[in-house]
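Below: the structure, in structure tokens.
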Amino acid sequence: MSLSIRNQLPGTVTAITPGEVMATVKIRLAGGQDLTAAITLEAVEDLGLAEGTPVNALVKATEISLATAPVKGLSIRNQLPGTVTGLATGGAMASVKIAVDGADLTAAITRDATTDLALSPGVPVVALVKATEVALTTS
């Protein structure tokens, strides 16, 4: 299946914490980072998720925020350190390519944000992703 979602990160389920309707699913990415997805219990069951299940974590480029350093005191669970590898700017928006251990990410942010953060190739960044913005697929 082809998808327009640019960010497709392979990993393995390491833990599932069920709630009444939703569950948090912890994933160890191929590069060794941990990622948390918050999905419905129905999705956990439909996908047959259990510890050790291989998955792909999907994140739309518009759902990735960037910081120039790790952020403390923040509810966003997923903070992936990386380095800017490319930057394409338009009138209002920019596409930022980021290399993280074991994967490449694309973030769509405003052009003003790229200026405020002084982004250019080689600049270290942290990709921030809310757990509720991570979708999962299985093979």
Side-chain angles (χ1 to χ4, degrees):
M1 166 179 18
S2 296
L3 296 172
S4 64
I5 297 175
R6 295 269 179 247
N7 302 302
Q8 302 180 30
L9 308 168
T12 304
V13 173
T14 59
I16 299 170
T17 305
E20 288 186 34
V21 176
M22 301 284 289
T24 57
V25 180
K26 302 237 185 238
I27 301 129
R28 174 69 41 92
L29 298 178
Q33 314 92 322
D34 291 318
L35 191 73
T36 300
I39 63 174
T40 65
L41 279 177
E42 184 178 4
V44 170
E45 293 167 9
D46 289 349
L47 293 170
L49 298 182
E51 285 186 35
T53 303
V55 295
N56 281 313
L58 309 175
V59 182
K60 291 174 58 177
T62 53
E63 300 303 333
I64 295 179
S65 298
L66 298 177
T68 54
V71 182
K72 294 187 187 272
L74 189 65
S75 66
I76 295 175
R77 297 293 78 194
N78 301 306
Q79 298 192 31
L80 302 173
T83 304
V84 174
T85 59
L87 181 65
T89 57
M93 297 296 292
S95 176
V96 183
K97 304 281 188 194
I98 305 131
V100 299
D101 285 343
D104 293 313
L105 297 175
T106 299
I109 63 174
T110 64
R111 186 179 76 174
D112 289 346
T114 66
T115 302
D116 291 348
L117 297 173
L119 298 182
S120 64
V123 171
V125 292
V126 177
L128 306 168
V129 184
K130 289 179 65 174
T132 53
E133 301 303 330
V134 177
L136 300 176
T137 64
T138 55
S139 300

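Atoms considered below: every heavy atom in the structure, side chains included; atoms not considered: hydrogens, waters and symmetry mates. This is a predicted model, so every value here is computed, not measured.
Val59 is not listed as a side-chain neighbour of Ile5, based on a closest heavy-atom distance of 4.5 Å or more.
Ile16 and Ala23 make their closest contact through CG2-CB, 4.3 Å (heavy atoms, listed as atom of the first residue, atom of the second, distance). The minimum heavy-atom distance linking Leu35 with Ala57 is given by the pair CD2-CB, 3.5 Å. Nearest heavy atoms, Ala107 versus Ile64: CB-CG2, 3.7 Å. Of all heavy-atom pairs between Pro54 and Thr138, the closest is O-CG2, 3.9 Å. Nearest heavy atoms, Leu41 versus Gly19: CD1-O, 2.9 Å.
Judged as a side chain to side chain donor-acceptor pair (under 3.5 Å), not a single pair has a partner in residues 11-21 (not counting sequence neighbours). Within the structure, the side chain to side chain donor-acceptor pair (under 3.5 Å) test picks out no pair touching residues 42-69 (sequence neighbours left out). Annotation: salt bridge (charged side-chain N to carboxylate O under 4.0 Å, His left out) contacts involving residues 21-34, sequence neighbours excluded, comprise Arg28-Asp34.
Between the CG atom of Leu66 and the CD1 atom of Ile109 there is a distance of 4.5 Å, given to the nearest 0.5 Å. With rounding to the nearest 0.5 angstrom, the CD1 atom of Ile27 is 9.0 Å from the CG atom of Leu9. Considering CG of Leu47 and CG of Leu49, their distance stands at 4.5 Å, rounded to 0.5 Å. Considering OG1 of Thr137 and CD of Gln8, their distance stands at 7.0 Å, rounded to 0.5 Å.
When the salt bridge (Lys or Arg N to Asp or Glu O under 4.0 Å) test is applied to Asp116, no partner is found at least two apart in sequence or on another chain.
Cluster note: Ile76 groups with Val71, Leu74, Val126, Leu128 through ILVMFWY side-chain heavy atoms spaced under 4.5 Å, whether in direct contact or through intervening members.
Linking ILVMFWY side-chain heavy atoms closer than 4.5 Å, directly or via other members, places Leu117 and Val84 in a single hydrophobic cluster.
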Please output the side-chain donor-acceptor pairs of residues 85-103 that fall under 3.5 Å, not counting sequence neighbours, one pair per line with the distance.
residue, atom, partner, partner atom, Å
Thr85, OG1, Lys97, O, 3.4
Lys97, NZ, Thr106, OG1, 3.3

